[in-house]
There are 2 protein chains.
Amino acid sequence: MKRTLEQLCTDIGLRMTRQRRTIIQAIENASDHPDAWSIYLRAGKADPQICLSTVYRTLRIFQNAGILAGHRFKDGLHRFERDSDERHGHLIDRTTGKIIEFRDREIERLQSAIAEHHGYRLVGYRLELIATPLTLKETAKGREDRVG
Amino acid sequence: MKRTLEQLCTDIGLRMTRQRRTIIQAIENASDHPDAWSIYLRAGKADPQICLSTVYRTLRIFQNAGILAGHRFKDGLHRFERDSDERHGHLIDRTTGKIIEFRDREIERLQSAIAEHHGYRLVGYRLELIATPLTLKETAKGREDRVG
DNA sequence: GTACTTGCAAAGCCTTTGCTTTTCA
DNA sequence: TGAAAAGCAAAGGCTTTGCAAGTAC
């Protein structure tokens, strides 16, 4: 069964403090990709004492330990999410900023092939699809492959 | 025939100053994805007077105008490149940081399909493959792939 | 001539760090 | 109790901005 963040932490010898538990809670409860400030705010509800630099430090430690994955979308903020293996893409709604996660094996297969073609072995990827909602008309018309 | 950056600028009513010409030169000559500081250094060789904030301002204006494409790789810096249509991926050598551009229609086709599956129309994408060089053994094992 | 641009310096924003105090194991 | 972590404030790195002076059109 899947290990909790807390388990992963102690696994690698990190001390489990009140603050870390709070931060972990905030992350496990998140369904989005929060940045340090959001996590600070969310954690602050459970523990108003918590300090922003603790949040930053903790996130960085988790990221270096491979427990958390860090992203940078266009806004430039460090954003975090639970899965540390970079094995999914993000579909970004350009009109609202909403982010949908997806995974597609076929794309991953092609990616590996491309990397190999260039003499590399794929170890991770970042895929962001920037998209706008389909209009009713487009939806009705059905698929017409295009980029742009 | 393809328009030069300078033409694109005047097209949209931007004044063509010495500094802008210098910055444009630096960008057109670049084969990589320079950040503001690199562009400042390169432009500085042609015009030592040029000011970093002018570089920043100019890049931002160009980006907003859709003349330049901005990226954020893991280092978090704003990086720029000429093509403003986001129609290619970046293969990133994790060991050296080297960036190789590529384009693959099949992946793009899949991307469109995924977007549509979620009710969206793809308007652009960002694809970064993080990879490590193949070892000799792996290369031999693999098929007749050439190293690009 | 006038509106747009630059240079400069200062401020801003996000993030990291030094140091002392606190806490965990 | 010793080492790791937190809190706080200050510094750091990259980027933006206000304003006076300069320049393209």
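A, B, ... follow the sequence lines: proteins, then strands. Residue 1 opens every chain.
- Taking 4.5 Å as the limit, every side-chain heavy atom of A/Leu8 sits out of range of all side-chain heavy atoms of A/Phe62.
- Regarding A/Glu6, its CD atom lies at a distance of 10 Å from the P atom of C/dA25, rounded to whole Å.
- Contacts of B/Arg21 classified as side-chain hydrogen bond (donor to acceptor under 3.5 Å, both in side chains), with partners at least two apart in sequence or in another chain: B/Glu6.
- The distance between atom CD1 of B/Ile50 and atom C1' of C/dT6, rounded to the nearest whole Å, is 10 Å.
- A salt bridge links A/Arg42 with A/Asp32: at least one charged nitrogen is closer than 4.0 Å to a carboxylate oxygen.
- A/Gln7 places a side-chain N or O within donor-acceptor distance of the main-chain N or O of A/Thr4, the cut-off being under 3.5 Å.
- With rounding to whole Å, B/Asp47 atom CG is found 11 Å from C/dT6 atom C1'.
- If you measure from atom CD of A/Gln19 to atom P of D/dG7, you get 4 Å, rounded to the nearest angstrom.
- Separation of atoms CG (B/Leu127) and CG (B/Asp104) is listed at 9.0 Å; rounding is to 0.5 Å.
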What verdict does the ring-ring contact (aromatic ring centres under 6.0 Å, His included) test give for B/His33 and B/His90, after you've listed the backbone C-alpha separation in whole Å, the side-chain angles of each residue and the deciding distance to 0.1 Å? CA-CA 10 Å; B/His33 302 76; B/His90 294 117; 4.5 Å; yes
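- Counting only distance, with no hydrogens or angles, the side chain of B/Arg72 and the backbone of A/Phe73 share no donor-acceptor pair below 3.5 Å.
- Atom CD1 of B/Ile23 sits about 6.0 Å away from atom CG of B/Leu59, to the nearest 0.5 Å.
- Side-chain atoms of B/Thr54 do not come within 3.5 Å of backbone N or O of B/Ile50 as any donor-acceptor pair.
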With the sugar-phosphate defined as primed atoms, P, OP1 and OP2, and the base as all remaining atoms, what B/S/- string results for nucleotides 16-25 of chain D, 5' to 3', for protein heavy atoms under 4.0 Å? BBB----BBS
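- Where the helix from C/dG1-D/dC25 to C/dA25-D/dT1 starts and where it ends, the local axes point in directions that differ by 40°; five pairs per end, rounded to 10°.
- If you measure from atom OH of A/Tyr40 to atom P of D/dG7, you get 10 Å, rounded to the nearest angstrom.
- Atom P of nucleotide C/dT15 and atom CG of B/Asp75 are separated by 14 Å, given to the nearest angstrom.
- Atom P of nucleotide D/dC14 and atom CZ of B/Phe73 are separated by 17 Å, given to the nearest angstrom.
- Rounded to an integer number of Å, the gap from B/Ile12 CD1 to C/dC4 P is 14 Å.
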